[in-house]
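Side chains included, hydrogens not; waters and symmetry mates left out as well; all remaining heavy atoms used.
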Amino acid sequence: KPSPDPLLRFMELAECRPSELLFVGDREGDLRCAQGAGVDFALAGWGNPTGQMDWTYRLEKPEDLLKLL
């Protein structure tokens, strides 16, 4: 990270599209990786988020992820 290459490789191996994934992270590098791969980003607010980030979703606790499924 922030290179999207590992995420792009995963999508290739898993045969999935960016619209089928959600990248959860708390760092700007996580966001940049997701953006580079065209994947939505969820900010993990329970961690220690750093920097100004433009997230698709903000999760306050891990359980919030279940609401998105």
As an exercise, state the distance from [atom1] of [X] to [atom2] of [Y], rounded to the nearest 0.5 Å.
{"X": "Thr56", "Y": "Gln35", "atom1": "OG1", "atom2": "CD", "value": "8.5 Å"}
{"X": "Leu22", "Y": "Leu69", "atom1": "CG", "atom2": "CG", "value": "9.0 Å"}
{"X": "Leu66", "Y": "Leu59", "atom1": "CG", "atom2": "CG", "value": "10.0 Å"}
{"X": "Asp40", "Y": "Trp55", "atom1": "CG", "atom2": "CH2", "value": "14.0 Å"}
{"X": "Arg58", "Y": "Phe41", "atom1": "CZ", "atom2": "CZ", "value": "10.5 Å"}

Looking at side-chain heavy atoms only, is the closest gap between [X] and [Y] below 4.5 Å?
{"X": "Leu7", "Y": "Leu21", "answer": "yes"}
{"X": "Met11", "Y": "Val39", "answer": "yes"}
{"X": "Cys16", "Y": "Phe10", "answer": "yes"}

All heavy atoms of Pro18 vs all of Ala37, minimum pair found to be CG-O, 3.5 Å
Minimal heavy-atom distance between Pro4 and Gly36, with the atoms involved, is CB-C, 3.6 Å
Inset, instruction - Answer yes if Leu68 and Val24 sit in the same cluster of Ile, Leu, Val, Met, Phe, Trp and Tyr residues linked by side chain heavy atoms under 4.5 Å apart, and no otherwise. - result: yes
Please determine whether a side-chain nitrogen of the Lys or Arg among Arg27 and Asp30 lies less than 4.0 Å from a carboxylate oxygen of the Asp or Glu.
no
For residues 5-15, the side-chain hydrogen bond (donor to acceptor under 3.5 Å, both in side chains) pairs (sequence neighbours left out) are Ser3-Asp5, Arg9-Glu12
